[in-house]
S.K.: 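Once you've had a glance at the structure underneath, I'll fire off some questions.
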2 protein chains.
Amino acid sequence: MEGSAPRRTRIQQEKRELILEAALEVFSTNGFRGSTIDQIAEAAGMSKPNLLYYFRRKEDIHETLMERLLQTWLAPLRELDDIGDPLTELRSYIRRKLEMARDFPRESRLFANEILQGAPRIMPLLEGELKTLVDEKAAVIKGWMRAGKIARTDPWHLIFSIWATTQHYADFDVQVRAVLGADRGGDGRFEDAARFLEQLFIDGLKPKS
Amino acid sequence: MEGSAPRRTRIQQEKRELILEAALEVFSTNGFRGSTIDQIAEAAGMSKPNLLYYFRRKEDIHETLMERLLQTWLAPLRELDDIGDPLTELRSYIRRKLEMARDFPRESRLFANEILQGAPRIMPLLEGELKTLVDEKAAVIKGWMRAGKIARTDPWHLIFSIWATTQHYADFDVQVRAVLGADRGGDGRFEDAARFLEQLFIDGLKPKS
DNA sequence: CTAACGTTTGTCCAATCGGTCAAAATTTGC
DNA sequence: GCAAATTTTGACCGATTGGACAAACGTTAG
């Protein structure tokens, strides 16, 4: 059971990595159809035919990128565990997701582009692996609700709202920075966001009585 | 001061509308660079040269679409007013935004596409009109906080979180439906979302003591 | 009817697209 | 050091792209 991954030389490993890095940059800002092989090749510092020696089709690059992405992207949710205190567990899930938006914004945008366009290339993954994982974690959250550890609400939509609020800082970064302006749109915006989200998810907006 | 809008015949008005409707469909799912004039022309039921008679460049269509979009898109926020009860006011803002995600998903995706790609065409609007409006409403919200009507937190990030959570149901609709599955991903998902978001924003997740 | 105007179409173009291919340059195993 | 294997390049291809243009068609006012 090892025949699936083709044997690769040192140069192939390095160059493929170089191409994937360049493609991440290009795909995440232009989308799949909006990106050209020439753009990626130039960003990777090589000629188009040379790039096509390592990836025979444009789609192969995108596919490889997408497979890797999904693994790292779902890691934080996989870590959501039944062990610690529920509110603490959720708080740190939110923090981890926000850190990913800060540290891997291109990956977030690549994913957003794919979903926006109807997820033509990863639909089976969404309905399969992703749904299974979310259902599993929703069950964990439901357990916390039954135990009275957190308020009763819809676990699936809770997960959606965490995804939405955190990824917003990667996908809509341009808008966030434009609205916050020069003074508040600097590096501190992620700490502000973290503080705000923690308060929102734990206490909501109702005034302390 | 009326010379800016060119005189138009009845046929021109109708056909331009037809083209914009078709272009909204095409642009919102493929992005600007990913869409072709032929696609739009076919969706509008006319030949490419005929379409180019009404809009001389592909960019003109996108620009017109974008200008209209922004006006309707910001309407709910404009309505956010200082008059009623703050919590009720925020609740109904969230509800209106969620209804827009349900009723105008293509507009939401068009906007998301533009922002994802760095907002090259509407950056001035974000820094100008949008920032001004948000700052204004943030001031209103700050007033509510000072009056003790809602919990003290960051008004800008509060607005971001409302945008993120509601638009998520338009922009990431495919993913939402895939994860919810056939039974829960039907028409009822927006009502479920509305109930969840209301609870989240008002009470948070802390269990009722 | 007809001239003027508005609309539609077929044809064409240069640029760009994803991708091929054979030859040249380089690296590697022995 | 040398032959085999790998890597890189330039030239090229058919398809598609955004757009131009003149000719044909339709409409309407006098």
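Note: hydrogens, waters and symmetry copies are ignored here, and every other heavy atom, side chains too, is used.
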S.K.: Specify the separation, in whole Å, of atom CG of A:Leu52 and atom C1' of D:dT7.
M.R.: 14 Å
S.K.: Could you tell me how far apart B:Phe55 (CZ) and D:dG19 (P) are, to the nearest whole angstrom?
M.R.: 13 Å
S.K.: Just checking, A:Arg16 and A:Phe55: is the charged tip under 6.0 Å from the six-membered ring centre and within 45° of the axis?
M.R.: yes
S.K.: Would you please classify the geometry between the B:Phe160 ring and the A:Tyr169 ring as parallel, tilted or perpendicular, with 30° and 60° separating the classes?
M.R.: perpendicular
S.K.: Determine whether more than 12 heavy atoms belonging to other residues, nucleotides or ligands lie under 6.0 Å from atom CG of B:Asp183.
M.R.: yes
S.K.: Heavy atoms under 4.0 Å is the rule here; annotate nucleotides 8-13 of chain D 5' to 3' with B where the base is hit, S where only the sugar-phosphate is, and - elsewhere.
M.R.: BBBB--
S.K.: Give a yes or no on this: more than 12 heavy atoms of other residues, nucleotides or ligands lie within 6.0 Å of atom CZ of A:Phe104.
M.R.: no
S.K.: Any Lys/Arg nitrogen of B:Arg95 or B:Glu79 sitting under 4.0 Å from an Asp/Glu carboxylate oxygen of the other?
M.R.: no
S.K.: Thinking salt bridges, do B:Arg106 and B:Glu21 make one under a 4.0 Å N-O criterion?
M.R.: yes
S.K.: Quick one: how far along DNA chain C does chain B reach, first to last nucleotide 5' to 3', anything under 4.0 Å to a heavy atom?
M.R.: C:dG6 to C:dC17
S.K.: Of A:Asp103, A:Asn113, A:Asp171, A:Thr166, which is the lone residue that meets side chain to side chain donor-acceptor pair (under 3.5 Å) with A:Ser108?
M.R.: A:Asp171
S.K.: Evaluate the ring planes of A:Phe27 and A:His62, with Trp represented by its six-membered ring, and classify them as parallel (under 30°), tilted (30 to 60°) or perpendicular (over 60°).
M.R.: perpendicular
S.K.: If we check salt bridge (charged side-chain N to carboxylate O under 4.0 Å, His left out) with A:Asp154, which of these qualifies: B:Arg184, B:Arg189, B:Arg195?
M.R.: B:Arg184
S.K.: Taking only heavy atoms on the protein side, list every residue of residues 20-36 of chain A lying under 4.0 Å from any atom of DNA chain C, sorted numerically.
M.R.: A:Ser35, A:Thr36
S.K.: Checking B:Arg121 against B:Glu114 for the salt bridge (Lys or Arg N to Asp or Glu O under 4.0 Å) test, could you report, in this order, the C-alpha distance in whole Å, the side-chain angles of both residues, the deciding distance, and whether it holds?
M.R.: CA-CA 8 Å; B:Arg121 287 166 248 274; B:Glu114 178 69 12; 3.6 Å; yes
